[in-house]
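Heavy-atom basis, side chains included; hydrogens, waters and symmetry copies ignored.
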Amino acid sequence: MQKAKMGVLLIATGRFYHLGEETPQGSYHQRKTQEVQEYVEAMRDFCTPVGLGRPAYTREDLAEALSLFQREQVDCVFAAFLSWTEDFLWVRFLRDIGPVPVLYALRVRKSIDFRDTVEETDFTEFLSAGGLVGTLEGSGSVGRFQPEMLETAVGTLPQLMEKAKAFCAAAAIRSRLRQSVFGLLASYNEVMWSTYVDPYALFQKVGPELRFLSVATLAQEVERVPEDQVKRACGILRERYPMLPDVDEAKFEASVRASIALENTGRNVGADMLVLNDVDPVLLTELGLRPGFIPTPVGGDVPVVPEGDIGGGLAVYILRELTGKPVSFIEPFHMDLPNNCFAGGHAGPNDYTDPAGSVMIARDVRFAKTAYKNAGAPFAWYLIPPGRKTMLHISQKDGSFKMACGLVDALPAKHFITSYSHGLFRPVGQDMPTFFHKLIQEGVTQHYAVVEGDCTAELEVLAKLMSFSFLRL
């Protein structure tokens, strides 16, 4: 995954440039240049820093930095005063930077390395340590300009870098969303109106362009899938996962073929995410099944979510981009109070590729008794592995969007819900009635994305950058 680009603007004053030139610690300029290098080296751990490589002193420096940020298409900018300095650079930056996320930071020194200011070296160090003065001065202009995507941070260098890491990751997701394409095949789910979103608002306020795909296009793509590709994918799946004895071989191949065709359909229109209404009667009539092996072992580059839920697809896409890990699509089924957990999962296509999970190739029993030509065609029956997970919901609210996220622990379990990828979960730090009451009060839908690890800090920043309402569970 390509590293995010973070612009770096570190402001200093030419008035102090030559102070301390004859001292062992060097001049103000040398000390500030060293500090710039400390910032840049610390940032390389999580992003590609883009900046002057030196303090910014003049209007020409600022113009060069702004031009560099624009040319490199940075995802965000890290800005800080290295000491007190005139604010003419800062106000021009606020005026001219445009709609780019900015993290305005104050570095707190772990210690002050002088006793008094009698000697020039100590006086220079006293002035060098005055970032608080400059930051307070600059905050006045922040209050006047009120940039929508500016966040603040105060702390030691490691603390600032921790904040910058989350900020940069969120800003990079914002950039990717603005260049992304979602495909909807073929419609919203007409029995779940709360999952509907306005496609124009999705483009305007989130970023993805929505392309509407037809079942006919998918059906044509199914016919184009080469037989050898189907055989190869089926062979890989058989080697990786056990197959239950009641699986029909021809229907297995049909499911794999449809899965490859679905990925091809998305790839053909440049889709970064496919939202499939997998219970659409037209789809089931034409294909006779719902594709059950997404991601395919011969593709895997186009994620898919079921039930026509674009908000759910957005949640999966964001977590996938943030972590680079497989993301599950679930709905909570019921609370198990005696065991202090809830069951959750979902039928239809689901990412089953986490090697820590448990997968079997099993019949889709839910449709096994229907009249569809491939009724009961198999799918990757996936048990979500144990561990700490981030659970994320996104849906539309008042023309904008809402985000709700929290931490859950997936518990050890065995396959127990037929025809559903599933798992057992326990909310972290609260009981289940409280956890779900918060969601019901907020007003959500039943769909959530789940991924390994804690992404809540990045998601909270992303919500602010995109003007989403945000609920931390």
Side-chain donor/acceptor of K32 to backbone N/O of L82, under 3.5 Å:
yes
Can I get a per-line list of side-chain donor-acceptor pairs under 3.5 Å for residues 39-51, giving both atom names and the distance, sequence neighbours left out?
| unit_1 | atom_1 | unit_2 | atom_2 | d |
| --- | --- | --- | --- | --- |
| E41 | OE2 | R44 | NE | 3.1 |

Is it the case that the side chain of D431 and the backbone of T434 share a donor-acceptor pair, with hydrogens and angles ignored and the cut-off at 3.5 Å?
yes
Take Y57 and H29 through the side-chain contact (heavy atoms from CB on, under 4.5 Å) test and state the conclusion after the steps.
CA-CA 10 Å; Y57 292 107; H29 171 65; 2.8 Å; yes
Step through the shown structure and confirm whether more than 12 heavy atoms of other residues, nucleotides or ligands are within 6.0 Å of CD on E162.
no
Determine whether V359 and T353 satisfy the following criterion, side-chain contact (heavy atoms from CB on, under 4.5 Å), listing intermediate values before the conclusion.
CA-CA 9 Å; V359 179; T353 58; over 6 Å; no
Residues at least two apart in sequence or cross-chain that pass ring-ring contact (aromatic ring centres under 6.0 Å, His included) with F145, listed by chain then number, are none
Table please: side-chain donor-acceptor pairs of residues 201-213 below 3.5 Å, with sequence neighbours left out.
| unit_1 | atom_1 | unit_2 | atom_2 | d |
| --- | --- | --- | --- | --- |
| K205 | NZ | G399 | O | 3.2 |
| E209 | OE2 | R211 | NE | 3.1 |
| E209 | OE2 | R211 | NH2 | 3.4 |
| R211 | NH1 | V269 | O | 2.3 |

List in chain and number order the residues that pass side chain to side chain contact (heavy atoms under 4.5 Å, CB included) with T135, two or more places apart in sequence or in another chain; answer none if no residue qualifies.
F81, Y104, L106
Could you tell me whether the side chain of V36 reaches within less than 4.5 Å of the side chain of R54, counting heavy atoms only?
no
Qualifying residues under ring-ring contact (aromatic ring centres under 6.0 Å, His included), relative to H346, sequence neighbours excluded:
F329, H447
Counterpart residues, ring-ring contact (aromatic ring centres under 6.0 Å, His included), relative to F470 (two or more places apart):
none
Does some side-chain heavy atom of L262 sit less than 4.5 Å from a side-chain heavy atom of L185?
yes
Sidechain-backbone polar pair: Q30 side chain, S27 backbone, donor-acceptor under 3.5 Å:
yes
Any side-chain heavy atom of P332 within less than 4.5 Å of one from M391?
yes
Counting distance only, does the side-chain N/O of T195 pair as donor-acceptor with the main-chain N or O of D309 below 3.5 Å?
no
So, do N350 and Y382 sit near enough that their side-chain heavy atoms are less than 4.5 Å apart?
no
List the residues meeting side chain to side chain contact (heavy atoms under 4.5 Å, CB included) with T124, not counting sequence neighbours, and say none if there are none.
L19, Y28, R31, E120, S128
Can you tell me if Y317 uses its side chain to pair, donor with acceptor, with the backbone of P303 under 3.5 Å?
no
Please confirm whether the backbone N or O of A63 pairs with a side-chain atom of S67, one donor and one acceptor, at under 3.5 Å?
no
Student check: side-chain heavy atoms of I11 and F93 closer than 4.5 Å
no
Hydrogens and angles aside, do T265 and E221 bring a side-chain donor and acceptor to less than 3.5 Å of each other?
no
Looking only at atom types and distance, does a side-chain atom of K163 sit under 3.5 Å from a main-chain N or O of G155, one as donor and one as acceptor?
no
From CA spacing to verdict: side-chain contact (heavy atoms from CB on, under 4.5 Å), T323, E452
CA-CA 8 Å; T323 66; E452 178 189 357; over 6 Å; no
Given V142 and T152, is the side-chain contact (heavy atoms from CB on, under 4.5 Å) satisfied, shown in steps?
CA-CA 10 Å; V142 172; T152 58; 5.6 Å; no
Close side-chain approach of V102 to P147, heavy-atom, < 4.5 Å:
no
Using the side chain to side chain donor-acceptor pair (under 3.5 Å) rule, collect all pairs that involve residues 458-473, keeping only residues at least two apart or in two chains.
T456-R472, E460-R472
Please answer whether the main-chain N or O of E307 pairs with a side-chain N or O of D278 as donor and acceptor at a distance below 3.5 Å.
yes
If you define the side chain from C-beta out and look only at heavy atoms, does anything of M192 sit under 4.5 Å from T445?
no
Tell me whether T121 contacts the main-chain N or O of T23 through its side chain, where contact means a donor paired with an acceptor under 3.5 Å.
no
Donor-acceptor list for residues 68-80 side chains, cut-off 3.5 Å, not counting sequence neighbours:
| unit_1 | atom_1 | unit_2 | atom_2 | d |
| --- | --- | --- | --- | --- |
| E72 | OE1 | K5 | NZ | 3.0 |
| D75 | OD1 | S175 | OG | 2.7 |
| D75 | OD2 | K5 | N | 2.8 |

Provide the closest heavy-atom pair for P295 versus D351 in the form atom of the first, atom of the second, distance.
CD-OD1, 3.6 Å
Going by ring-ring contact (aromatic ring centres under 6.0 Å, His included), name the residues that satisfy it together with Y352, two or more places apart in sequence or in a different chain.
Y241
With salt bridge (charged side-chain N to carboxylate O under 4.0 Å, His left out) as the rule and sequence neighbours excluded, what pairs involving residues 11-29 come up?
R15-E86
Non-hydrogen atoms of F401 and Q396 that approach each other most closely
CD2-CA, 3.9 Å
Out of K389, R388, R426, which one pairs with D409 under the salt bridge (charged side-chain N to carboxylate O under 4.0 Å, His left out) rule?
R388
One should read off an interatomic distance between L103 CG and L150 CG, to the nearest 0.5 angstrom, of 8.0 Å
Any V316 side-chain heavy atom under 4.5 Å of M273 side chain
yes
Check salt bridge (Lys or Arg N to Asp or Glu O under 4.0 Å) between R178 and all other residues, then give those that pass, not counting sequence neighbours.
none
Quick one: does any side-chain atom of E442 pair with a main-chain N or O of A404 as donor and acceptor, under 3.5 Å?
no
